[in-house]
Amino acid sequence: MYRTKTCGELRASDVGQTETLAGWVQKNRRMGGMTFVDIRDRYGVTQLVFNQEINAPLCEKANKLGREYVIRVTGVVKERSNKNAHLPTGDIELIVSELTILNAAATPPFTVEDDTDGGDDLRMKYRYLDLRRNVVRSNLELRHKMTIEVRSYLDKQGFIEVETPVLISSTPEGARDFVVPSRMNPGQFYALPQSPQTFKQLLMVSGFDRYFQIVKCFRDEDLRADRQPEFTQIDCEMSFVEQDDVLNVFEGMSKHLFKTIRGIEIAEPFPRITWHEAMKYYGSDKPDIRFGMKLVELDDVLKGRGFPVFDNAGYIGGICVEGAADYTRKQLDVLTDFVKRPQIGAQGLVYARVEADGTVRSSVDKFYSQEVLQQMRATFAAQPGSLMLILSGQDATKTRKQLSELRLEMGNRQGLRNKNTFACLWVTDFPLFEWSEEDQRYYAMHHPFTSPKPEDIHLLDTDPGTVRANAYDMVINGVEVGGGSIRIHDSALQNKMFRLLGFTEEQAQAQFGFLMNAFTYGAPPHGGLAYGLDRWVSLFAGLDSIRDCIAFPKNNSGRDVMIDAPSVIEQSQLDELNLSITHVH
Ligand code: ASP
């Protein structure tokens, strides 16, 4: 037998028992005639004791144990004289009488402990060692619990998990496809699913009524921080539903997850705001509403008073930061540099403080009378001690986005973005289309299967840019955790949608004829959504990166550095696939 107990199990109540443990050597230290070894497994760490005086050969053997050796030990549980309150097994130790080395280990390239000395690259290269660390393993345990709770909740709600294929053809979600050459169909390629979107809609046509799947999706996107080319969705679809039906079911699921995973009871309904409101008040379609600091428009107050920058602006707006009036000149310079960074692109930052007596002192006092500054203060409803930060620009949307970045930065600086506080929100009524200046055409903001709001359908021909979609996102703490829509279920409308998106009749038929055809055989009204599991787990685990809740993630260049993928393939394999490489950059 390899073990009678795990390394996290023994307590004071076990004192006097003889037990056998198996695990990895975490630490080995000698003190006088004693050798102390920490043995670790998935469940915890136990201190082992070897005594030179009692059993010299055994102690010698223990002295030779290197880090990460795999061992089995038998001994008697003894109460420690020096208890360790930080360790669940810290009241006891095992006085070892038998030691078996099950496998020796090479010296690990970094310490396998919570506070490791291993850098990111090294840890990814030896991810199997990294996964021995509590911090990483506990994220995967959390992930496991979440999927169990998702399945249990959705099962109770009558959802059926159905697997959809991975070797398919393009599903447009706005990214590039990963493609797989077909040996049996020379010159032809499969695409990996960017989502199971079309298949789940076909399942609704088939009458499945409520479908879900915890499923890998693949998107070949340009490098962006914290994206993985393969990621996991909780993908869901329902028939005979309107937007409210979908939001209610999935708000219920979210509350269930908060309760079972984080022990947080959310009684109130999630707030719902429209996309337009989100953009107006937060400059973002995924606002972090853990804190206020809403964007305030100042054109009426500050324009036309002789300050050229504002007089020539298309939009002037600001945020009011309570209790920040004591920001020093230096801190304000740092903020100015922050908004001027190319990623944000503001021209400059104007600030105004409300002093204790209510007087406003600004960086543009030269141009504005106290009366106007007081009008501005009233627009913000700014209390004494507040700092007002103001940006301007030609384009309202761009300037609002810049203010949104500044708002998040100030939220961080003021300690308003606590990882253990959660604020959930639905954003609804997204625009159906997004205009691309570069390509001079419309793109679907969500995907081409999203339905327009019935009351806006008449605008499809005349003013497509203003058509609102039956689409919604769930946002938690400024992270878009999920999104979906009520779908088009009418073949003619779907066809029209493709036309508006620049598909010719032939292209639409070739790519999506199967779906439009299916819609002619009795498609029920349907809708759904998909959650990003990785993002949600990282949010619950308080992680900065989704990589930390994925067992074997890719790095920022889309590489798996452990197995060295992607890699060059043999000429014979290329020949078999009828492929030739023309050039490599
Ligand atoms: N397929 C969509 C996505 O991946 C989600 C949905 O509309 O259900 O974002």
Side-chain angles (χ1 to χ4, degrees), residues 150 154 159-166 168-178 191-205 208-221 224 227-239 241-243 245-251 253-254 275 285-286 426-434 443-453 468-476 479-489 494 497 501 511-512 515 523-536 546:
V150 165
L154 291 177
F159 285 77
I160 300 172
E161 184 160 18
V162 182
E163 288 175 81
T164 52
V166 171
I168 61 171
S169 55
S170 187
T171 34
E173 296 278 1
R176 289 193 185 86
D177 292 321
F178 281 102
L192 302 182
Q194 292 187 35
S195 83
Q197 186 62 35
T198 47
F199 286 95
K200 68 175 172 177
Q201 292 193 240
L202 292 174
L203 287 171
M204 294 303 109
V205 178
F208 272 83
D209 198 76
R210 290 186 163 206
Y211 140 97
F212 85 101
Q213 185 181 188
I214 299 184
V215 60
K216 270 290 175 74
C217 299
F218 306 86
R219 295 184 190 176
D220 187 2
E221 288 177 296
R224 267 212 256 163
R227 291 258 176 169
Q228 286 284 314
E230 56 176 300
F231 60 98
T232 306
Q233 284 194 339
I234 307 166
D235 189 48
C236 312
E237 197 73 8
M238 305 165 77
S239 286
V241 284
E242 291 171 336
Q243 176 166 306
D245 301 309
V246 179
L247 299 199
N248 288 339
V249 167
F250 290 97
E251 195 165 312
M253 184 178 99
S254 311
W275 179 86
D285 58 4
K286 39 178 188 297
W426 288 108
V427 179
T428 63
D429 297 6
F430 280 75
L432 188 63
F433 300 109
E434 212 170 5
Y443 282 94
M445 193 154 203
H446 186 210
H447 52 52
F449 315 109
T450 292
S451 65
K453 286 206 167 285
R468 289 166 306 159
N470 251 328
Y472 33 79
D473 274 358
M474 184 185 278
V475 177
I476 306 181
V479 177
E480 179 205 322
V481 289
S485 58
I486 300 298
R487 324 298 182 188
I488 296 169
H489 63 280
Q494 186 64 72
M497 186 72 182
L501 290 169
Q511 240 184 306
F512 299 108
L515 187 70
H526 60 286
L529 88 185
Y531 284 104
L533 177 67
D534 312 283
R535 281 200 204 158
W536 203 337
I546 62 167

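Whatever order the structure lists ligands and atoms in, that order sets their numbers, starting from 1.
Checked against salt bridge (charged side-chain N to carboxylate O under 4.0 Å, His left out), E434 has no partners two or more places apart in sequence or in another chain. In this structure, T198 has no side chain to side chain donor-acceptor pair (under 3.5 Å) partners at least two apart in sequence or on a different chain.
Heavy-atom contacts of H446 reach the following atoms of ligand 1: 7 (O) (cutoff under 4.0 Å). Taking every heavy atom of G484 and a limit of under 4.0 angstrom, the matching atoms of ligand 1 come to 6 (C), 7 (O). Within ligand 1, the atoms closer than 4.0 Å to a non-hydrogen atom of K200 are 6 (C), 8 (O), numbered from 1 in the order shown. Atoms of ligand 1 lying under 4.0 Å from at least one heavy atom of Q233, given by number and element, are 3 (C), 4 (O). Proximity to A530 (heavy-atom distance under 4.0 Å) selects the following atoms of ligand 1: 5 (C), 8 (O).
Contacts with ligand 1 closer than 4.0 Å are made by side-chain heavy atoms of R487 only, the backbone lying farther away. At a heavy-atom cutoff of 4.0 Å, ligand 1 is contacted by the side chain of R219 but not by its backbone. Of all the heavy atoms of H447, the ones lying under 4.0 Å from any atom of ligand 1 belong exclusively to the side chain.
Under a 4.0 Å N-O distance rule, the pair K453/D429 qualifies as a salt bridge. Taking 4.0 Å as the cut-off between side-chain N and carboxylate O, E221 and R227 count as a salt-bridged pair. Electrostatic pairing of E237 and R487 counts as a salt bridge here, judged by a charged N lying under 4.0 Å from a carboxylate O.
Closest heavy-atom approach to atom 5 (C) of ligand 1 among the candidates G483, S485, S195: G483.
Not less than 6.0 angstrom separates the ring centroid of F430 from the ring centroid of Y472.
Using cut-offs of 30° and 60° on the angle between ring planes, the pair W536 and Y531 is tilted.
Looking only at heavy atoms of the protein, atom 2 (C) of ligand 1 is closest to E173 OE2, 3.4 Å.
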